[in-house]
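Order of the sequence lines fixes the chain letters, A, B, ..., with proteins taken first and strands second; residue numbering starts at 1 for each chain.
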Number of protein chains: 2
Amino acid sequence: MVEQPSKRPRRGRTPAATGRTSRPRQAEVARLAGVSQATVSLVLSDKAQGSAISDETRQRVLDAARSLGYVPDPAAQRLAAVRNNLLGVYSFTATFPTDVEHSYYPFLVGVEREAAARGYDLVLFTGSSSGGAGAAGPEALNRVRLADGCLFLGRHVPSAELKRMVADGFPVVHLGRREELEGLSWVGADYVSASSEVVRHLASLGHRRIVLIREDDDAPASTDRQQGFLAGLEAAGLAGGPDAVFRSADPGRDVTPDRLRRWIAEGVTAFVAEETDTGNAWRAVHAAAAEAGLTCPGDLSLALLGSPPPDLAGAAEPTGFDVPRHQLGAAAVRMLASLVAGETADEPLVACAFRPGATTGSPPER
Amino acid sequence: MVEQPSKRPRRGRTPAATGRTSRPRQAEVARLAGVSQATVSLVLSDKAQGSAISDETRQRVLDAARSLGYVPDPAAQRLAAVRNNLLGVYSFTATFPTDVEHSYYPFLVGVEREAAARGYDLVLFTGSSSGGAGAAGPEALNRVRLADGCLFLGRHVPSAELKRMVADGFPVVHLGRREELEGLSWVGADYVSASSEVVRHLASLGHRRIVLIREDDDAPASTDRQQGFLAGLEAAGLAGGPDAVFRSADPGRDVTPDRLRRWIAEGVTAFVAEETDTGNAWRAVHAAAAEAGLTCPGDLSLALLGSPPPDLAGAAEPTGFDVPRHQLGAAAVRMLASLVAGETADEPLVACAFRPGATTGSPPER
DNA sequence: TCGCTCCACTAATACGTATAAGTAATGCGC
DNA sequence: GCGCATTACTTATACGTATTAGTGGAGCGA
């Protein structure tokens with residue numbers, strides 16, 4: 001057989017590109033093994049599906065591939081197969097998570113672990129890059145199509161773009177409840193049940209009047225907690241109503257020791273704070289109680305719908321629940337993998353674990 | 001013209017894939033605009049290069065593209081053109097930088113800013129994923145080929161793989177000096193000059209005996225500083241030799257107040273600590289001086305070859321230099337962009353800025 | 001020995017884009 | 001009115017892999 005003319009100095013435009021040896025492709029492996037490129041693909045993709053490849057040939061191909069150091073081109077794989085075993089993770093914070101490190105990182109741990117377990121590699125995209133040529137517009141988001149599917153983190157994910165990807169059939173999973181977007185898959189923590197359970201716990205300790213302290217934010221995570229809180233009150237036969245929820249844009253300013261004493265005078269014996277990025281609600285009740293000279297499990301009970309902010313991590317463990325961030329990340333990957341495989345998504349809610357903690361007890365005798 | 005049979009329900013293997021509308025490609029845009037696919041590509045890639053496309057046609061194509069919401073497929077772009085305006089960033093720490101957050105993040109800020117300015121988007125790869133199917137081997141690194149080129153961060157970058165990519169002509173830049181690998185491009189801080197300058201400063205203040213405290217690590221960043229330190233001594237006509245460098249695996253244990261007093265008794269008036277991930281060298285001298293009851297600019301001078309660790313950021317500003325991390329990140333991107341464009345790399349060293357600080361002064365009178 | 005099924009492959013084609021090469025149509029000098 | 005650019009495109013092909021649809025035997029029953 002005559003040596004093929006190897007007609008491919010086409011890329012030889014730029015000086016550097018000229019010399020590109022370029023690594024071997026399947027065609028080279030095939031030549032070395034004396035088979036066709038298709039056979040190489042079949043052997044390497046290891047589709048046991050009616051393989052119909054003799055062991056001897058298979059071995060020859062594998063040896064050839066190894067000796068040439070063949071590695072597949074992920075771009076070509078994606079193009080040809082719509083699959084390259086890469087999962088994208090899109091975070092809308094600039095570059096790497098830093099401020100939000102404490103809230104995002106645990107998710108990513110779960111994401112990575114589960115992805116690895118399922119044989120996927122991760123590719124991370126970031127949402128900034130606004131200013132460049134390829135940036136800003138729809139194109140910025142578009143690069144996630146390099147992967148088989150993509151996970152989205154963060155609150156500021158543009159609906160329009162997501163909708164578009166969903167419509168295109170590109171597998172997408174949002175980490176966090178996101179129901180307003182028809183057809184979008186998501187996984188989230190079951191804040192409703194968990195919050196409700198915290199209230200049940202308080203009620204079982206004998207508390208009759210409980211107040212929820214929350215920030216002025218309408219994120220699903222906040223409204224879910226409030227809903228669960230109110231449901232818990234109702235289930236325990238306690239009074240709900242507007243008085244049961246204290247909403248403030250700046251709890252640190254509004255939840256004063258005075259305000260606390262007033263509540264207590266009104267018969268409130270337990271306070272429940274939501275967890276947010278800032279941890280302000282919890283910090284505020286915590287500080288107000290200390291400042292008012294009230295001891296925690298004795299004079300009043302406190303519960304936290306989530307985990308304390310880092311600066312309060314050293315204090316007594318709050319009664320409440322733990323958001324299973326690792327599991328959430330893992331669940332998101334599982335769901336994404338299902339979508340990529342063409343299966344339908346399953347249960348999106350992950351349960352939070354109740355944390356007894358040390359900040360609740362029976363209400364004081366009056 | 002008869003409607004093309006649209007022969008592409010090939011992907012319809014998996015249930016989900018069956019319904020993939022898939023977004024429009026250039027072919028669709030072309031049909032709508034009444035031109036060929038090639039024309040669409042020419043218009044959209046906007047190669048002013050002898051474009052030879054009438055304004056009217058151009059506009060028709062652009063309108064068609066917009067109305068269909070066309071966005072290019074990055075995988076296809078890379079495959080066809082070896083360019084997709086994506087730059088990869090490979091970090092060898094698991095998922096997102098966390099421990100190393102303080103040392104890596106500033107680099108990334110510069111990287112991202114410069115990339116955006118040059119019209120590149122970033123794709124981030126992480127080095128873990130060990131355990132999955134597509135992981136571990138050469139293939140894990142291989143996915144960076146989705147991008148036009150890749151930046152590598154971290155000390156544990158496998159040489160073999162890097163060598164391979166360099167040999168293949170894949171544009172690669174290592175962030176940090178890396179000379180042992182022939183042909184590998186890198187950018188790094190000029191620790192040698194900067195360290196030398198710190199010594200010159202001390203010498204000009206009158207110090208005659210200066211000791212460098214360093215950790216037991218042979219990273220280029222460490223050896224560079226030592227080299228600059230020694231060069232600085234020599235330039236100032238001061239004694240170098242083994243006594244001038246104190247090397248310890250655990251400075252916190254070995255640099256005691258006693259040891260410090262001994263040095264001073266021997267005539268040493270200034271100490272220079274290297275900066276490392278841990279900041280241990282600086283923390284050790286700092287603590288030892290305080291414990292020995294020595295006041296800093298008065299009884300002895302201290303200098304730091306870099307920035308203090310976060311926990312000491314509040315103390316008096318150390319004399320020394322600032323590693324221009326943003327600029328390093330930006331320089332790395334510039335170099336990578338050059339390589340991608342087929343140009344040759346330019347100056348890899350970035351100067352560090354001398355920081356006068358408040359921890360050095362004239363040596364005490366004896 | 002014909003027809004049939006397996007077996008072990010190969011040929012052909014598709015994925016979506018970029019680009020070199022080619023081709024009408026027009027303009028222009030002479 | 002001919003050659004020759006130039007303009008404005010189109011055609012054809014390549015990128016590297018996956019996959020479907022063959023294809024040429026071998027084996028086997030009748």
> Rounded to the Å, how far apart are Arg145(B) CZ and dT17(D) C1'?
Replying inline: 15 Å

>> Nearest whole Å is fine: how far is dA8(C) P from Gln59(A) CD?
In response: 16 Å

Pair [X] + [Y]: basic N to acidic O under 4.0 Å:
X         : Y         : result
Arg178(A) : Glu180(A) : yes
Arg78(B)  : Asp73(A)  : yes
Arg145(B) : Asp168(B) : yes
Arg58(B)  : Glu56(B)  : no

Among [options], the nucleotide that comes nearest once only the side chain of [X] is considered:
X        : options                   : answer
Tyr70(A) : dT17(D), dT17(C), dC9(C)  : dT17(D)
Ala38(B) : dT10(D), dG16(C), dT17(D) : dT10(D)
Gln26(B) : dA8(D), dT17(C), dA18(D)  : dT17(C)
Leu42(B) : dA8(D), dT17(D), dT19(C)  : dT19(C)
Thr57(A) : dT17(D), dC9(C), dT17(C)  : dC9(C)
Thr39(B) : dG16(D), dA8(D), dT10(D)  : dT10(D)

>> Any base atoms under 4.0 Å from Val35(B), or only sugar-phosphate, or nothing? Heavy atoms, all strands.
In response: sugar-phosphate

>> For dA18(C), does the base pair up with any side-chain atom of Gln37(B) as donor and acceptor (N or O, under 3.5 Å, distance only)?
In response: yes

